[in-house]
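Any value given below was found using the heavy atoms of this structure, including those in side chains, with hydrogens, waters and symmetry copies removed.
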Amino acid sequence: MLPGVADLILLKSNRFYGALCVEMKKPGEYQRPAQKEWQKECEAAGNKYVVCRSSDEFMRVVTDYLNDV
C-alpha cells in the first residue's frame, strides 16, 4: 500500500465523479501530509474525496454518492 491512499476507494462513477475515495478518521484525528497530497491528486483526477469521522457519516456519504447516478 502507498502512503496517503484513502481507506476505501469505490470505483463506481456517478453523474458528477469518476470514483469515491473515503478516509476514515476517529474524532480528533487529522490527515497526514501524504494523505492531503493524495486527496489533491484524487480530486484533480475528477474523483470525490471525503474524510468521515463516524460510521453514520460514512453510510450517508456512500448512499448519497450512489444515489447521484
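A heavy-atom distance below 4.5 Å is found between the side chains of Val50 and Leu20. Inter-residue side-chain proximity for Trp38 and Pro3 is flagged as unmet; no heavy-atom pair is nearer than 4.5 Å.
With sequence neighbours excluded, no residue satisfies side chain to side chain donor-acceptor pair (under 3.5 Å) with Tyr17. Residues that satisfy the side chain to side chain donor-acceptor pair (under 3.5 Å) test with Lys25, not counting sequence neighbours, are Gln35.
Applying the salt bridge (Lys or Arg N to Asp or Glu O under 4.0 Å) test to pairs two or more places apart or on separate chains, none has a residue in residues 29-57.
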Which pairs would a plain distance check flag for residues 62-69, meaning a side-chain donor or acceptor within less than 3.5 Å of a matching protein atom at least two apart in sequence or in another chain?
residue: Thr63; atom: OG1; partner: Met59; partner atom: O; Å: 2.8
residue: Tyr65; atom: OH; partner: Lys12; partner atom: O; Å: 2.5
residue: Tyr65; atom: OH; partner: Ala19; partner atom: N; Å: 3.4
residue: Asn67; atom: ND2; partner: Thr63; partner atom: O; Å: 3.2

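No chain of hydrophobic side-chain contacts below 4.5 Å, direct or via other Ile, Leu, Val, Met, Phe, Trp or Tyr residues, connects Phe16 to Ile9. Note: the hydrophobic cluster containing Val22 does not contain Leu11 (ILVMFWY, side chain heavy atoms under 4.5 Å, direct or indirect links). By the rule that hydrophobic residues join a cluster once side-chain heavy atoms approach within less than 4.5 Å of another member, Val61 and Leu10 end up as members of one cluster.
Between the side chains of Gln31 and Glu23, no donor N or O sits under 3.5 Å from an acceptor N or O.
Remark: the backbone N or O of Met24 is paired with a side-chain donor or acceptor of Asp7 at under 3.5 angstrom.
Taking CG from Asn47 and SG from Cys21, the interatomic distance works out to 5.0 Å, rounded to the nearest 0.5 Å.
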